[in-house]
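Bear in mind that the values here come from a model prediction, so they are computed numbers and not experimental data.
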Amino acid sequence: MEVKETLVRIKNFKYMLIAEGAAAGLLAGFAVSVFRLGISGVEILRDKLTENGLSIISLVFFAALYLVTLACLKFENNCSGSGIPHIKGELEGRFHVSWIKVLPAKIIGGICATGAGLSVGREGPSVQIGAMAAKGFSSLTNRLRTEERLLITAGAGAGLAAAFNAPLAGVVFSLEELHKNLSLELMLTSMAACVTSDFVSSYIFGLNPVFSVIPQSVLPLRTYWLLIIFGIILGVSGALYNLSLKEIQKAYKKIPFTWIRLLIPFAAAAVLCRTYPYILGGGNHIVDMIAETPWTVSALLVLLAAKFIYSMISFCSGTPGGIFLPLLVLGAVTGAAFAQLTGYAEFTDNFIILGMAGYFTAIVRSPITGIILISEMTGSLSHLLSLSLVCLTAYIVADLLGARPVYDQLLDAMTVSERPARDRKIIIESMVVCGALMDNRPIREFSAPEGVLIISIDRNGSEIVPSGDTVLKGGDELLLLCSESRLKETKDILFQKCEQAKEFISATQK
């Protein structure tokens, strides 16, 4: 019955999903705004309690935040960490988490952890909060699983849009990092969700960009050789970041108790609030600080090392918090130090922006998201050429060094409290690229996994009902009916046979 309903409703998906995306975006924008307001309130209280040094009251404050965060992890373990790997795993059909438990646990735990000063970001949690709000909407309105997957993806993008006031980056993140496929239905749904979510957060927080770094001049073309060097440095740094994250997570897993792992960054936050407060929290204040006030190279390198170490200690403890903003801060500090070292201090603001985008690209491996995100966060589109060059270089270097995209790495290392899902049927889409293995080959040679069926082919705007003898052509858009348990296997086969050219496959196998 569900299969029949799915096939009937897919004809009108486009228009229904726009409305559903807007509704999910409204919920995501509200939930993320509550999250942001909570963090700001706790941070203000923390600064007031510690402005004259540590006292009994301030220690009680840190202890209370620690205990509430620990309680959230005990209540729902899937609220730990960034949350983006959880969304990727759910979209791949690996597991299903309870939105009704994750949503409050992530909001409350994230407020306590970030507000206490742990070096974690609000953006990864905002992505999970947005996705869970969308999943809740889907569940309460009895959407089909195919619709739910699209809404979760759109809700995740809406969460990013609300966290950063960056609706375009939210849309691109949904397509490039989460869905990894261009679908008209998903693009329209994500646009509706991200625009609505951004409107809600902008109404509450205003229209100002997250960072106040706005370079007064564009880098001259004669300096572009420096961008290649800078991109190489960022690529190496990104690979080192991913490796460090992996090893420190392994070290933390040797600590047998959650309460001990969580205690380490909270205790460090209580000490750092008086000794070196610059590195507390996500760190967006650091970006504005180094842009507005000249720092020596040695001070920047100390700041870079301290922020890097504390970010690793904080995130790897399993606390509810992300790496998104801290890694942007690390890229910004790297950019400021590079500008000073190369004698181009007058372009410090430019290198701060380039550093954020390039470092993000090297670690996350989503260059388009990085470019658009930083452009929206700084309110400037005048640096696209230099951003593209740095991001491309950083991407290539990190890839050549064998560093995996960080969210894939985190997903594989994650221990999830699984709630097995029913093996439901869903609709997925793919495209046959020119020169792919299945280009000019009949469907019977596709060798689809059991439970997978190509149900429709869109060729130049005309729909073809396929049979085993139907020959696929480059540019064909495929709709497949798939068992959710076979989703990852099916996507891997589609990538190998339909979504990359034969020449590329041969090159990668050499």
Is the backbone N or O of Leu480 less than 3.5 Å from a side-chain atom of Glu429, with the two atoms forming a donor-acceptor pair by type?
no
A quick test of your reading: do over 12 heavy atoms of other residues, nucleotides or ligands sit less than 6.0 Å from OH of Tyr276?
yes
Going by heavy atoms in the side chains, are Leu26 and Phe199 under 4.5 Å from each other?
no
Has Thr146 got a side-chain atom pairing as donor or acceptor with Ile427's backbone, closer than 3.5 angstrom?
yes
Stepwise side chain to side chain contact (heavy atoms under 4.5 Å, CB included) check, Thr189 with Glu20
CA-CA 7 Å; Thr189 308; Glu20 291 172 6; 5.9 Å; no
Within-4.5 Å side-chain heavy-atom neighbours: Val32 and Ile107
no
Value rounded to 0.5 Å, distance of CG in Asp492 from CD in Glu499:
10.0 Å
Can the ring centres of Phe230 and Phe351 be said to be less than 6.0 Å apart?
yes
Rounded distance (nearest 0.5 Å) linking atom NE2 of His86 with atom CG of Asn78:
4.5 Å
Kindly indicate whether a cation-pi arrangement holds for Arg365 with Tyr395, taking the cut-offs as under 6.0 Å to the six-membered ring centre and within 45° of the axis.
yes
Pair Ser119-Ser314, side-chain donor/acceptor within less than 3.5 Å:
no
Electrostatic pair Glu90:Lys135 at N-O distance under 4.0 angstrom
yes
For Thr369, does its backbone N or O pair with a side-chain atom of Ser366 as donor and acceptor, under 3.5 Å?
no
What distance do Ile152 atom CD1 and Glu147 atom CD have between them, rounded to the nearest 0.5 Å?
12.0 Å
Tell me, do Val406 and Leu245 make a side-chain contact under 4.5 Å, heavy atoms counted?
yes
Ser386 (side chain) donor-acceptor with His383 (main chain) under 3.5 angstrom
yes
Do Thr319 and Val120 make a side-chain contact, defined as non-hydrogen atoms from C-beta onward lying under 4.5 Å apart?
yes
Between Val333 and Ile286, is the side chain to side chain contact (heavy atoms under 4.5 Å, CB included) condition met? List the steps.
CA-CA 8 Å; Val333 177; Ile286 295 177; 4.0 Å; yes
Rounded to the nearest 0.5 Å, the CZ atom of Phe35 sits from the CG atom of Leu103 at a distance of 11.0 Å
Donor-acceptor under 3.5 Å (Thr342 side chain, Phe338 main chain)
yes
Just by modelled atom types, is the Met187 backbone N or O under 3.5 Å from a matching donor or acceptor in the Ser190 side chain?
no
Counting distance only, does the side-chain N/O of Tyr241 pair as donor-acceptor with the main-chain N or O of Ala362 below 3.5 Å?
no
Check whether more than 12 heavy atoms from other residues, nucleotides or ligands sit under 6.0 Å from atom CZ of Phe30, and answer yes or no.
no
Examine the side chains of Gln128 and Ser82 and answer whether a donor and an acceptor come within less than 3.5 Å of each other.
no
Using the ring of each side chain (for Trp, its six-membered ring), is Phe324 parallel, tilted or perpendicular to Tyr407, with breaks at 30° and 60°?
tilted
For the backbone of Ile368 and the side chain of Glu176, can you confirm whether one donor and one acceptor N or O come within less than 3.5 Å of each other?
yes
Does OH belonging to Tyr278 count more than 12 external heavy atoms closer than 6.0 Å?
no
Pairwise distance CG(Leu150) to CG(Leu186) - rounded to 0.5 angstrom
5.5 Å
Check whether any side-chain heavy atom of Leu494 sits under 4.5 Å from a side-chain heavy atom of Thr490, and report yes or no.
yes
Looking at Leu178 and Ala156, what are the two nearest heavy atoms and their distance?
CD1-CB, 3.4 Å
Can you list the steps and then say if Leu385 with Tyr224 is a side chain to side chain contact (heavy atoms under 4.5 Å, CB included)?
CA-CA 10 Å; Leu385 178 59; Tyr224 269 47; 3.8 Å; yes
Say whether Ser298 and Thr296, considering side chains only, have a donor N or O and an acceptor N or O under 3.5 Å apart.
yes
Between Val329 and Asn284, is the side chain to side chain contact (heavy atoms under 4.5 Å, CB included) condition met? List the steps.
CA-CA 7 Å; Val329 172; Asn284 55 307; 5.8 Å; no
Is a side-chain donor or acceptor of Asp439 paired with a backbone partner of Cys434 at a separation under 3.5 angstrom?
no
Closest non-hydrogen contact found for Thr361 with Pro367 is OG1-CA, 3.5 Å
Are any of the side-chain heavy atoms of Val287 and Leu328 separated by less than 4.5 Å?
no
Over all atoms of both residues, closest heavy-atom pair of Gly238 and Tyr359
N-CE1, 4.0 Å
Would you sort out whether Asp412 and Arg94 count as a salt bridge (charged side-chain N to carboxylate O under 4.0 Å, His left out), showing the intermediate values?
CA-CA 11 Å; Asp412 290 342; Arg94 297 195 194 185; 3.4 Å; yes
Heavy atoms of other groups near Met312 CE, more than 12 under 6.0 Å
yes
May I ask you to test the Ile428-Arg149 pair for a side-chain heavy-atom distance under 4.5 Å?
yes
From Leu91 atom CG to Lys488 atom NZ, the distance as rounded to the nearest 0.5 Å
13.5 Å
Taking every non-hydrogen atom, the tightest pair across Leu301 and Ala337
CD2-CB, 4.4 Å
Atom pairs and distances, donor-acceptor, side-chain atoms in residues 157-169, under 3.5 Å, two or more places apart:
from, atom 1, to, atom 2, distance (Å)
Asn165, OD1, Arg36, NH1, 3.3
Asn165, ND2, Gly206, O, 3.2

Work out which heavy atom in Trp295 is nearest to a heavy atom in Gln340; give both atom names and the distance.
O-NE2, 3.4 Å
Where Tyr310 and Gly117 come nearest, the two heavy atoms and their spacing
CE2-O, 3.5 Å
Find out whether Phe446 and Cys498 are in side-chain contact, i.e. whether some heavy atom of one side chain is under 4.5 Å from a heavy atom of the other.
yes
Side-chain (Lys246) to main-chain (Leu410) donor-acceptor, under 3.5 angstrom
no
